[in-house]
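We use all heavy atoms of the structure for the numbers below, so side chains are in, but hydrogens, waters and symmetry mates are not.
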Protein chains: 2
Amino acid sequence: MKCHHYPNQNGEYELCVSKVPIFNHLNQEEMREIAFLIQSRTFKKGEVIFSANSSLNELFIIHTGRVKIYRLSDSGREQILRILEAKEFMGELTLFNESLTQNYAEATEKTEVCVIQKSDLQKLIVRKPSIALKILEEFSKRLTNADQLIQQLGSADVETRIASVLIDLNKKQNSNIVTLPMSKGDFASLIGTTQETISRKLSAFQERGWIKLTGQRVVSILNIEKLISFTEDTK
Amino acid sequence: MKCHHYPNQNGEYELCVSKVPIFNHLNQEEMREIAFLIQSRTFKKGEVIFSANSSLNELFIIHTGRVKIYRLSDSGREQILRILEAKEFMGELTLFNESLTQNYAEATEKTEVCVIQKSDLQKLIVRKPSIALKILEEFSKRLTNADQLIQQLGSADVETRIASVLIDLNKKQNSNIVTLPMSKGDFASLIGTTQETISRKLSAFQERGWIKLTGQRVVSILNIEKLISFTEDTK
DNA sequence: CGCGCTATTGAATTGTTTCAATTTAGGTGG
DNA sequence: CCACCTAAATTGAAACAATTCAATAGCGCG
């Protein structure tokens, strides 16, 4: 893990602050001030950023890269809760909840994060309540996503869950050639199934001519309508 | 649905405001002011408070009773996301998210709610940012609960999920005689299984001597340690 | 006290997992 | 830039957990 303080010599210090939604609505002066409270850290693919049972004293904001947030069950099974990308933050739950986190965070690719101390952020929020509103917005979005995942895990079969993810990615990436933001193994962990089942179901979609698999993470969507109507079928 | 405005003749108007976490930290004067913005409504068991695809213009705070928040899949299957009880609120997601809600809310018993207009609440938050912090706390708790449910649904078998709920209730109600806060059917919908399976698994626990079923919603926990170690088993 | 909703139980069926054996992809280093 | 090597993905077959549908039993509300 590399680590350095903002600001650095070439004025890069505003990178995080000026780009992330929770701060970028502030004025120049305010952002400059926050930049001094921020540290930068870099994690390699596979490095753990924080673990369960730790009391986090900092909020991490992703600058570049990707992080998976997951839990481990007693049996050792990993359940991914969400994948975070640039501009999103993590470590927030212990900000408003005293307790220890139960989550793990691991970089799934080279990832640069900006770190701000919990105590510094708390002081900032008091002075600039608009920051709290931005966090509320993000929480709101996450809760909606979590609710959707709960619905999928609780009441859709694996094939439907996979189709739903493809449809979401198709919409989000606005392209028929979709790149999975994670390995198939992580994909499996996210939707509560196994790598093997994912493989089988994707092959089945391919055989039906709805998709075409290219490489490990690329899926060409040939017939989005079929995929959609599949998720809507009463089964 | 009954409906009346606060304040009523016998000074009951502060009931909701003075008790719920999002307002009760304010001073008397402020609470009195808020009380004038609040309406009371009563729902019978089974009544729908709001439905998917509606743009909610209000926040509902539960005064008495219980509400299930759920989604319906295209196939008509109901997935409960959470059960709300006194002092909790609902309709919050459209406060910070423009879009339509995808959730349903239904009273599972006679329920009294306090209603505040979204626009009124937004004005209040600007004047009293501490309200936003209370909402953040609640969101944080909900996100943690949602994460836990995701983990359970995604990586634990049904028996383990049921045992976990019993353990949680035992802790929350602080008694070995636990009352389910919902019907077994709703219990099934919450943990993503069927009534029949719940029945079978509870019977199995009873046969092993870990619990004793009394009536429809009462479970005596005879051996909490066995239940706990069961959830921790590598299976 | 009776009716209706809620829960139970049985048996067949299905979807998914598991474990093991291969195959493939794609990053790394020469 | 190619060959290699490892991590990732695929495929098969057996085993299993949970669902479904249907029929019965029982609680508890009015």
Can you check the A:Arg217 CZ to D:dT10 P distance for me, whole Å?
13 Å
Any side-chain N or O of A:Thr197 under 4.0 Å from OP1/OP2 of C:dT17?
yes
Closest approach to the side chain of A:Asp157, judged atom by atom: which nucleotide of D:dT11, C:dT16, D:dA18 is it?
C:dT16
Go through D:dG26, C:dA25, D:dT11 for me and flag the one nearest to the A:Gln216 side chain.
C:dA25
Report yes if at least one side-chain N or O of B:Lys184 is closer than 4.0 Å to OP1 or OP2 of C:dT8; otherwise report no.
yes
Quick check: are there more than 12 heavy atoms from other residues, nucleotides or ligands sitting under 6.0 Å from NZ of A:Lys226?
no
Can you tell me how far C1' of D:dG30 sits from CD of B:Glu109, to the nearest Å?
18 Å
At less than 4.0 Å, is any side-chain N or O atom of A:Thr194 found next to OP1 or OP2 of C:dT16? Yes or no.
no
Applying a 4.0 Å non-hydrogen cut-off, can you work out what A:Gly192 is touching in the nucleic acid: base, sugar-phosphate, or nothing?
sugar-phosphate
Nearest-neighbour nucleotide for the A:Ser199 side chain, C:dT16, D:dA9, C:dT6 considered
D:dA9
Protein-nucleotide distance (B:Ile162, atom CD1; C:dT8, atom P), rounded to Å:
11 Å
Geometric class of the B:Phe139/B:Phe89 ring pair [parallel <30°, tilted 30-60°, perpendicular >60°]
tilted
For atom CZ of A:Arg77 and atom C1' of C:dT16, their distance in whole Å:
11 Å
Near B:Ile177 CD1, under 6.0 Å, is it more than 12 heavy atoms from other residues, nucleotides or ligands?
no
Nearest whole angstrom, please: distance from the C1' of C:dA7 to the CE of B:Met182.
16 Å
Please tell me if B:Lys201 has a side-chain N or O lying less than 4.0 Å from either OP1 or OP2 of D:dA18.
yes
Spacing between A:Leu202 atom CG and C:dA25 atom C1', to the nearest angstrom:
16 Å
Set out, in order, the CA-CA distance, both residues' side-chain angles and the distance that settles salt bridge (Lys or Arg N to Asp or Glu O under 4.0 Å) for A:Glu78 and A:Lys68, then state yes or no.
CA-CA 11 Å; A:Glu78 168 193 293; A:Lys68 66 175 172 185; 3.4 Å; yes
Rounded to the nearest angstrom, tell me the gap between atom CZ in B:Phe187 and atom C1' in C:dA7.
14 Å
Polar pair under 3.5 Å, donor/acceptor by atom type, side chain A:Arg200, base C:dT18:
yes
Is the closest basic N to carboxylate O distance between B:Glu159 and B:Arg208 below 4.0 Å?
yes
Starting from P on D:dC16, measure out to CD on A:Glu196 and report it in whole angstrom.
17 Å
Assign each of A:Arg161 and A:Gly215 to its nearest nucleotide of DNA chain C by heavy atoms, then name whichever residue's nucleotide is nearer the 5' end.
A:Arg161
As a test of reading the structure: which of D:dA9, D:dA18, C:dT6 is closest to the side chain of A:Gln195, going by heavy atoms?
D:dA9
